[in-house]
Trainee: 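This structure is in C-alpha coordinates; I'll ask about it shortly.
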Amino acid sequence: MMMAPAASDAGFEALTRKIARERGFACSAYKPTCLMRRIAVRMRARGVHDYAAYASLLDRDPAEYERLLDALTINVTQLRRNAEAWEALEREALPALLERHGPIRAWSAGCSSGEEPYTVAMSFARAAAEIGRPAALDRVHVVGTDIDERSLERARAGRYAEAAFREVPADDRARWFTAGYPAEAGPVLRARVQIERRDLLEQPAPAGPWHLITCRNVIIYFDRASQDALFERFATALEPGGVLMLGKVESLLGAARERFEPVNVRERIYRKP
Ligand SMILES: C[S@@+](CC[C@H](N)C(=O)[O-])C[C@H]1O[C@@H](n2cnc3c(N)ncnc32)[C@H](O)[C@@H]1O
(Lines give C-alpha, C1' and ligand atoms only; values in the text may rest on other atoms or scores of the structure.)
Protein backbone atom coordinates (compact mmCIF):
# COMPACT_ATOMS: atom_id res chain seq x y z
CA MET A 1 0.00 0.00 0.00
CA MET A 2 1.23 3.50 -0.79
CA MET A 3 1.95 5.82 2.14
CA ALA A 4 -0.02 9.07 2.24
CA PRO A 5 2.50 11.61 0.89
CA ALA A 6 3.40 14.72 2.91
CA ALA A 7 3.59 18.25 1.51
CA SER A 8 7.18 18.49 2.71
CA ASP A 9 8.13 15.30 0.86
CA ALA A 10 11.29 16.11 -1.11
CA GLY A 11 10.25 13.69 -3.85
CA PHE A 12 6.94 15.46 -4.26
CA GLU A 13 8.66 18.83 -4.45
CA ALA A 14 11.14 17.57 -7.02
CA LEU A 15 8.33 16.08 -9.09
CA THR A 16 6.22 19.25 -9.08
CA ARG A 17 9.29 21.35 -9.97
CA LYS A 18 9.97 18.99 -12.87
CA ILE A 19 6.37 19.30 -14.14
CA ALA A 20 6.52 23.10 -13.90
CA ARG A 21 9.89 23.26 -15.66
CA GLU A 22 9.10 20.81 -18.43
CA ARG A 23 5.44 21.49 -19.06
CA GLY A 24 4.91 25.02 -17.75
CA PHE A 25 2.20 23.87 -15.32
CA ALA A 26 2.67 26.19 -12.31
CA CYS A 27 2.28 23.51 -9.61
CA SER A 28 3.41 25.87 -6.83
CA ALA A 29 0.21 27.91 -7.17
CA TYR A 30 -2.09 24.93 -6.61
CA LYS A 31 -3.12 23.48 -3.27
CA PRO A 32 -0.57 20.69 -2.52
CA THR A 33 -3.25 18.32 -1.19
CA CYS A 34 -5.11 18.64 -4.45
CA LEU A 35 -2.00 17.96 -6.56
CA MET A 36 -1.07 15.00 -4.35
CA ARG A 37 -4.44 13.39 -4.71
CA ARG A 38 -4.29 13.67 -8.49
CA ILE A 39 -0.71 12.45 -8.78
CA ALA A 40 -1.51 9.56 -6.42
CA VAL A 41 -4.30 8.44 -8.77
CA ARG A 42 -1.86 8.22 -11.67
CA MET A 43 0.86 6.54 -9.58
CA ARG A 44 -1.64 3.92 -8.45
CA ALA A 45 -2.80 3.39 -12.02
CA ARG A 46 0.79 2.65 -13.03
CA GLY A 47 1.70 0.66 -9.94
CA VAL A 48 4.45 3.07 -8.95
CA HIS A 49 5.09 3.65 -5.26
CA ASP A 50 7.39 6.64 -4.98
CA TYR A 51 7.69 10.04 -6.58
CA ALA A 52 11.21 9.51 -7.95
CA ALA A 53 10.16 6.34 -9.75
CA TYR A 54 7.13 8.13 -11.15
CA ALA A 55 9.35 11.02 -12.35
CA SER A 56 11.51 8.60 -14.31
CA LEU A 57 8.40 6.93 -15.72
CA LEU A 58 7.36 10.35 -17.05
CA ASP A 59 10.73 10.61 -18.81
CA ARG A 60 10.20 7.27 -20.52
CA ASP A 61 6.51 7.52 -21.30
CA PRO A 62 5.20 10.75 -22.90
CA ALA A 63 1.64 9.32 -22.96
CA GLU A 64 1.73 9.02 -19.16
CA TYR A 65 2.87 12.65 -18.98
CA GLU A 66 -0.23 13.65 -20.98
CA ARG A 67 -2.49 11.56 -18.74
CA LEU A 68 -0.96 13.18 -15.66
CA LEU A 69 -1.53 16.70 -17.05
CA ASP A 70 -5.11 15.69 -17.84
CA ALA A 71 -5.55 14.52 -14.26
CA LEU A 72 -4.02 17.70 -12.85
CA THR A 73 -6.26 20.05 -14.79
CA ILE A 74 -9.52 18.30 -13.75
CA ASN A 75 -11.76 19.30 -16.61
CA VAL A 76 -15.17 18.02 -15.51
CA THR A 77 -17.93 20.31 -16.75
CA GLN A 78 -21.33 20.38 -18.45
CA LEU A 79 -23.63 22.79 -20.23
CA ARG A 80 -25.60 25.09 -17.90
CA ARG A 81 -23.90 23.49 -14.90
CA ASN A 82 -25.89 24.37 -11.75
CA ALA A 83 -28.80 25.73 -13.78
CA GLU A 84 -30.17 27.80 -10.88
CA ALA A 85 -27.04 29.99 -11.01
CA TRP A 86 -27.60 30.69 -14.72
CA GLU A 87 -31.26 31.47 -14.06
CA ALA A 88 -30.18 34.01 -11.42
CA LEU A 89 -27.63 35.50 -13.82
CA GLU A 90 -30.29 35.87 -16.53
CA ARG A 91 -32.73 37.46 -14.11
CA GLU A 92 -30.45 39.67 -12.03
CA ALA A 93 -27.37 40.56 -14.04
CA LEU A 94 -27.66 40.09 -17.80
CA PRO A 95 -30.56 42.51 -18.49
CA ALA A 96 -28.46 45.51 -17.36
CA LEU A 97 -25.53 44.34 -19.51
CA LEU A 98 -27.82 43.93 -22.52
CA GLU A 99 -29.08 47.50 -22.11
CA ARG A 100 -25.57 48.78 -22.80
CA HIS A 101 -24.68 50.21 -26.19
CA GLY A 102 -21.94 48.61 -28.25
CA PRO A 103 -20.27 45.23 -27.85
CA ILE A 104 -20.93 43.11 -24.79
CA ARG A 105 -17.89 40.99 -23.96
CA ALA A 106 -17.79 37.97 -21.71
CA TRP A 107 -14.76 35.94 -20.62
CA SER A 108 -15.19 32.35 -19.47
CA ALA A 109 -11.93 31.77 -17.58
CA GLY A 110 -11.07 28.07 -17.18
CA CYS A 111 -13.65 26.98 -19.73
CA SER A 112 -12.53 23.35 -20.03
CA SER A 113 -14.14 21.76 -23.12
CA GLY A 114 -16.28 24.81 -23.92
CA GLU A 115 -19.59 23.99 -22.28
CA GLU A 116 -19.39 27.14 -20.16
CA PRO A 117 -18.73 29.74 -22.91
CA TYR A 118 -21.52 28.22 -25.05
CA THR A 119 -23.75 28.39 -21.97
CA VAL A 120 -22.87 32.07 -21.50
CA ALA A 121 -23.97 32.80 -25.07
CA MET A 122 -27.21 30.82 -24.63
CA SER A 123 -27.89 32.62 -21.35
CA PHE A 124 -27.48 36.01 -23.01
CA ALA A 125 -29.93 34.85 -25.69
CA ARG A 126 -32.50 33.84 -23.06
CA ALA A 127 -32.11 37.13 -21.18
CA ALA A 128 -32.27 39.16 -24.41
CA ALA A 129 -35.50 37.41 -25.45
CA GLU A 130 -36.94 37.95 -21.97
CA ILE A 131 -36.44 41.75 -22.17
CA GLY A 132 -37.81 41.85 -25.73
CA ARG A 133 -34.45 42.61 -27.37
CA PRO A 134 -33.41 39.37 -29.06
CA ALA A 135 -31.20 41.19 -31.58
CA ALA A 136 -28.92 42.31 -28.73
CA LEU A 137 -27.38 38.83 -28.93
CA ASP A 138 -25.52 39.96 -32.07
CA ARG A 139 -23.46 42.29 -29.87
CA VAL A 140 -22.40 39.52 -27.48
CA HIS A 141 -18.88 38.09 -27.80
CA VAL A 142 -17.73 35.30 -25.53
CA VAL A 143 -14.09 34.27 -25.15
CA GLY A 144 -13.42 30.94 -23.45
CA THR A 145 -9.90 30.28 -22.19
CA ASP A 146 -8.18 27.31 -20.59
CA ILE A 147 -4.69 25.99 -20.00
CA ASP A 148 -5.43 22.47 -21.23
CA GLU A 149 -4.92 21.96 -24.98
CA ARG A 150 -7.00 18.79 -25.20
CA SER A 151 -9.97 20.50 -23.57
CA LEU A 152 -9.54 23.44 -25.92
CA GLU A 153 -9.68 21.14 -28.93
CA ARG A 154 -12.97 19.79 -27.67
CA ALA A 155 -14.19 23.33 -27.02
CA ARG A 156 -13.42 24.31 -30.62
CA ALA A 157 -15.21 21.20 -31.90
CA GLY A 158 -18.27 22.14 -29.79
CA ARG A 159 -19.58 18.57 -29.96
CA TYR A 160 -21.17 17.10 -26.86
CA ALA A 161 -22.60 13.83 -25.58
CA GLU A 162 -26.08 13.58 -24.13
CA ALA A 163 -24.80 13.77 -20.54
CA ALA A 164 -23.58 17.34 -21.12
CA PHE A 165 -27.18 18.43 -21.75
CA ARG A 166 -28.69 17.28 -18.45
CA GLU A 167 -29.45 20.82 -17.29
CA VAL A 168 -30.19 22.42 -20.66
CA PRO A 169 -33.83 23.42 -21.33
CA ALA A 170 -35.35 21.57 -24.30
CA ASP A 171 -35.86 24.81 -26.27
CA ASP A 172 -32.15 25.73 -26.02
CA ARG A 173 -31.13 22.19 -26.92
CA ALA A 174 -33.24 22.30 -30.09
CA ARG A 175 -32.40 25.87 -31.03
CA TRP A 176 -28.61 25.92 -30.71
CA PHE A 177 -27.41 22.37 -31.37
CA THR A 178 -27.71 19.80 -34.15
CA ALA A 179 -30.13 16.91 -33.62
CA GLY A 180 -28.91 13.55 -32.24
CA TYR A 181 -25.75 12.80 -30.24
CA PRO A 182 -23.06 13.89 -30.16
CA ALA A 183 -24.79 17.22 -30.72
CA GLU A 184 -22.80 20.01 -32.28
CA ALA A 185 -23.10 23.73 -31.61
CA GLY A 186 -24.73 25.34 -34.65
CA PRO A 187 -23.22 28.26 -36.59
CA VAL A 188 -25.19 31.03 -34.81
CA LEU A 189 -23.98 29.92 -31.38
CA ARG A 190 -20.47 29.26 -32.64
CA ALA A 191 -20.23 32.74 -34.14
CA ARG A 192 -20.62 34.20 -30.66
CA VAL A 193 -17.84 32.11 -29.06
CA GLN A 194 -14.09 32.16 -29.50
CA ILE A 195 -11.66 29.78 -27.75
CA GLU A 196 -8.06 30.61 -26.75
CA ARG A 197 -5.31 29.05 -24.69
CA ARG A 198 -4.39 31.03 -21.61
CA ASP A 199 -2.81 30.19 -18.26
CA LEU A 200 -4.70 32.07 -15.56
CA LEU A 201 -1.75 31.94 -13.20
CA GLU A 202 0.97 32.99 -15.58
CA GLN A 203 -0.67 35.27 -18.14
CA PRO A 204 -2.60 38.53 -17.91
CA ALA A 205 -6.31 38.76 -18.70
CA PRO A 206 -7.03 38.70 -22.44
CA ALA A 207 -7.55 42.16 -23.92
CA GLY A 208 -10.91 43.55 -22.78
CA PRO A 209 -13.08 45.43 -22.13
CA TRP A 210 -14.97 42.77 -20.14
CA HIS A 211 -18.56 43.07 -18.99
CA LEU A 212 -18.94 39.55 -17.61
CA ILE A 213 -16.31 37.16 -16.29
CA THR A 214 -17.28 33.62 -15.35
CA CYS A 215 -14.65 31.65 -13.48
CA ARG A 216 -16.30 28.58 -12.05
CA ASN A 217 -14.77 25.57 -10.35
CA VAL A 218 -11.26 26.71 -11.16
CA ILE A 219 -9.99 28.76 -8.20
CA ILE A 220 -10.82 25.99 -5.73
CA TYR A 221 -7.63 24.29 -6.90
CA PHE A 222 -5.47 27.41 -6.41
CA ASP A 223 -3.73 28.44 -3.21
CA ARG A 224 -4.91 31.54 -1.41
CA ALA A 225 -2.25 33.93 -2.78
CA SER A 226 -3.10 32.92 -6.35
CA GLN A 227 -6.83 33.31 -5.66
CA ASP A 228 -6.24 36.84 -4.31
CA ALA A 229 -4.11 37.78 -7.33
CA LEU A 230 -6.73 36.42 -9.71
CA PHE A 231 -9.62 38.27 -8.05
CA GLU A 232 -7.59 41.47 -8.29
CA ARG A 233 -6.98 40.81 -11.99
CA PHE A 234 -10.70 40.19 -12.57
CA ALA A 235 -11.62 43.40 -10.73
CA THR A 236 -9.20 45.38 -12.86
CA ALA A 237 -10.29 43.72 -16.10
CA LEU A 238 -14.01 44.30 -15.61
CA GLU A 239 -15.69 47.52 -16.67
CA PRO A 240 -17.64 49.39 -13.97
CA GLY A 241 -20.98 47.59 -13.70
CA GLY A 242 -19.30 44.40 -14.94
CA VAL A 243 -20.29 41.08 -13.40
CA LEU A 244 -18.23 38.24 -11.91
CA MET A 245 -19.70 34.75 -11.54
CA LEU A 246 -17.91 32.09 -9.52
CA GLY A 247 -18.67 28.40 -8.97
CA LYS A 248 -21.16 27.00 -6.50
CA VAL A 249 -18.63 26.36 -3.73
CA GLU A 250 -16.38 29.35 -4.34
CA SER A 251 -16.50 32.75 -2.65
CA LEU A 252 -14.82 36.10 -2.82
CA LEU A 253 -12.23 36.29 -0.06
CA GLY A 254 -10.21 39.01 1.64
CA ALA A 255 -9.55 42.27 -0.14
CA ALA A 256 -11.58 41.15 -3.17
CA ARG A 257 -14.77 41.66 -1.14
CA GLU A 258 -14.08 45.40 -1.19
CA ARG A 259 -13.79 45.39 -4.97
CA PHE A 260 -17.24 43.91 -5.68
CA GLU A 261 -20.79 44.25 -4.44
CA PRO A 262 -23.05 41.21 -4.15
CA VAL A 263 -25.71 40.58 -6.78
CA ASN A 264 -26.71 37.11 -5.59
CA VAL A 265 -24.40 35.70 -2.95
CA ARG A 266 -26.04 32.29 -2.92
CA GLU A 267 -25.33 31.90 -6.63
CA ARG A 268 -21.89 33.57 -6.35
CA ILE A 269 -22.70 36.51 -8.61
CA TYR A 270 -20.98 39.86 -7.91
CA ARG A 271 -20.79 43.24 -9.60
CA LYS A 272 -17.97 45.76 -9.85
CA PRO A 273 -19.43 49.08 -8.67
C1 LIG B 1 -13.43 21.70 -13.27
S2 LIG B 1 -13.01 22.58 -14.74
C3 LIG B 1 -14.21 23.88 -14.73
C4 LIG B 1 -14.90 24.06 -16.05
C5 LIG B 1 -16.04 25.07 -16.04
N6 LIG B 1 -15.58 26.37 -15.67
C7 LIG B 1 -17.16 24.61 -15.12
O8 LIG B 1 -17.33 25.17 -14.05
O9 LIG B 1 -17.86 23.66 -15.47
C10 LIG B 1 -11.50 23.39 -14.28
C11 LIG B 1 -10.73 23.92 -15.47
O12 LIG B 1 -9.73 24.83 -15.01
C13 LIG B 1 -8.63 24.72 -15.88
N14 LIG B 1 -7.42 25.25 -15.26
C15 LIG B 1 -6.73 24.76 -14.20
N16 LIG B 1 -5.65 25.52 -13.98
C17 LIG B 1 -5.67 26.51 -14.91
C18 LIG B 1 -4.84 27.62 -15.19
N19 LIG B 1 -3.72 27.85 -14.47
N20 LIG B 1 -5.15 28.43 -16.21
C21 LIG B 1 -6.27 28.21 -16.95
N22 LIG B 1 -7.12 27.19 -16.74
C23 LIG B 1 -6.81 26.34 -15.72
C24 LIG B 1 -8.53 23.22 -16.12
O25 LIG B 1 -7.79 22.93 -17.29
C26 LIG B 1 -10.01 22.83 -16.24
O27 LIG B 1 -10.44 22.82 -17.58
Side-chain angles (χ1 to χ4, degrees), residues 16 19-21 23-35 37-39 41-42 65-86 88-89 106-123 142-158 160-161 163-168 193-206 210 212-234 237 243-251 267-269:
T16 53
I19 298 166
R21 191 175 60 244
R23 295 307 187 95
F25 187 85
C27 291
S28 59
Y30 292 77
K31 291 178 185 154
T33 48
C34 184
L35 291 179
R37 219 174 304 126
R38 299 282 143 184
I39 293 171
V41 169
R42 289 309 317 155
Y65 223 144
E66 291 310 314
R67 276 193 290 272
L68 172 66
L69 290 172
D70 256 7
L72 292 179
T73 53
I74 315 163
N75 35 35
V76 179
T77 185
Q78 65 179 61
L79 291 156
R80 214 170 162 81
R81 181 177 190 179
N82 307 122
E84 58 290 350
W86 296 98
L89 189 78
W107 173 25
S108 166
C111 72
S112 187
S113 35
E115 288 87 332
E116 187 174 288
Y118 291 116
T119 299
V120 171
M122 291 191 288
S123 244
V142 186
V143 177
T145 66
D146 202 279
I147 193 177
D148 181 31
E149 279 297 348
R150 281 212 263 191
S151 294
L152 292 170
E153 269 168 41
R154 294 206 292 272
R156 290 189 188 102
Y160 301 111
F165 287 85
R166 257 197 308 266
E167 297 192 72
V168 179
V193 175
Q194 184 187 325
I195 303 293
E196 289 174 10
R197 186 184 184 280
R198 189 164 292 261
D199 183 338
L200 279 172
L201 295 167
E202 303 277 313
Q203 294 176 285
W210 298 109
L212 170 67
I213 297 176
T214 60
C215 187
R216 310 183 73 219
N217 309 298
V218 179
I219 60 153
I220 32 168
Y221 307 117
F222 295 169
D223 66 15
R224 180 63 198 275
S226 306
Q227 291 179 348
D228 288 347
L230 200 55
F231 287 142
E232 183 53 35
R233 202 170 318 144
F234 289 158
V243 172
L244 174 66
M245 182 192 204
L246 303 177
K248 191 91 190 156
V249 297
E250 297 163 331
S251 305
E267 301 303 344
R268 310 304 202 251
I269 301 169

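The shown structure was predicted, so the numbers you read here are calculated from the model rather than taken from an experiment. We count ligands from 1, going down the list as the structure has it; atoms in each ligand are counted the same way.
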Trainee: Would Ser151 count as being in polar contact with ligand 1, using the rule that some N or O on each side must be under 3.5 angstrom apart?
Mentor: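 Min N/O separation from ligand 1 is not below 3.5 Å for Ser151.
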Trainee: Salt-bridge test for Glu66 and Arg23: reply yes if a basic N is under 4.0 Å from a carboxylate O, no otherwise.
Mentor: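 A salt bridge links Glu66 with Arg23.
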Trainee: What I'd like to find out is whether the side chain of Trp86 reaches to under 4.5 Å of the side chain of Thr214, using heavy atoms alone.
Mentor: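 Yes, side chains in contact.
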Trainee: Going by atom types alone, do Thr77 and Glu115 pair a side-chain donor with an acceptor below 3.5 Å?
Mentor: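 No.
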Trainee: So is Arg198 in contact with ligand 1, going by heavy-atom distances below 4.0 Å?
Mentor: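 Contact check Arg198 vs ligand 1: positive.
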Trainee: Give the atoms of ligand 1, by number and element, whose distance to some non-hydrogen atom of Leu201 is under 4.0 Å.
Mentor: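 So the atoms of ligand 1 that pass are 19 (N).
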Trainee: With no hydrogens and no angle check, is any side-chain donor or acceptor of Asp199 less than 3.5 Å from a backbone partner on Leu201?
Mentor: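 Looks like yes, one N/O pair under 3.5 Å.
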Trainee: Using modelled atom types and a 3.5 Å cut-off, is there a donor and acceptor pairing between side-chain atoms of Arg198 and backbone atoms of Pro204?
Mentor: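 Such a contact is found between Arg198 side chain and Pro204 backbone.
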Trainee: Under 3.5 Å between any N/O of Glu116 and any N/O of ligand 1: does that happen in this structure?
Mentor: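 For ligand 1, there is an N or O atom that lies under 3.5 Å from one belonging to Glu116.
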Trainee: Checking the N or O distance criterion of under 3.5 Å, is ligand 1 in contact with Asn75?
Mentor: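 Checking ligand 1 against Asn75, no N or O pair falls under 3.5 Å apart.
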Trainee: Can you tell me if Tyr221 uses its side chain to pair, donor with acceptor, with the backbone of Leu72 under 3.5 Å?
Mentor: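 No, because the side chain of Tyr221 does not come within donor-acceptor range (under 3.5 Å) of the backbone of Leu72.
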Trainee: Looking only at distances, can you tell me whether any N or O atom of Leu200, backbone or side chain, sits closer than 3.5 Å to an N or O atom of ligand 1?
Mentor: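 For ligand 1, there is an N or O atom that lies under 3.5 Å from one belonging to Leu200.
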Trainee: Can you check whether Arg216 has an N/O within less than 3.5 Å of an N/O in ligand 1?
Mentor: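 N/O-N/O distance under 3.5 Å: yes.
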Trainee: Looking only at N/O atoms, are Gly110 and ligand 1 under 3.5 Å apart anywhere?
Mentor: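 Such a contact does occur with ligand 1.
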Trainee: Only heavy atoms count here, so choose which of Ile220, Ile74, Thr77 is nearest to atom 10 (C) of ligand 1.
Mentor: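 Nearest option to atom 10 (C) of ligand 1, by heavy atoms: Ile74.
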Trainee: Nearest protein heavy-atom contact for atom 17 (C) of ligand 1: which residue, which atom, what distance?
Mentor: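 Atom 17 (C) of ligand 1 sits closest to the protein heavy atom Tyr30 OH, 3.3 Å.
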Trainee: Report the residues that fulfil side chain to side chain donor-acceptor pair (under 3.5 Å) with Glu149, sequence neighbours left out, ordered by chain and then residue number.
Mentor: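 With sequence neighbours excluded, Glu149 shows a side chain to side chain donor-acceptor pair (under 3.5 Å) to no residue whatsoever.
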Trainee: Looking at ligand 1, does any of its N/O atoms fall within less than 3.5 Å of an N/O of Asp199?
Mentor: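 In this structure, Asp199 places an N or O atom under 3.5 Å from an N or O of ligand 1.
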Trainee: Okay, side chain of Asp146, backbone of Cys111: is any donor-acceptor separation there less than 3.5 Å?
Mentor: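 Yes: the side chain of Asp146 pairs with the backbone of Cys111.
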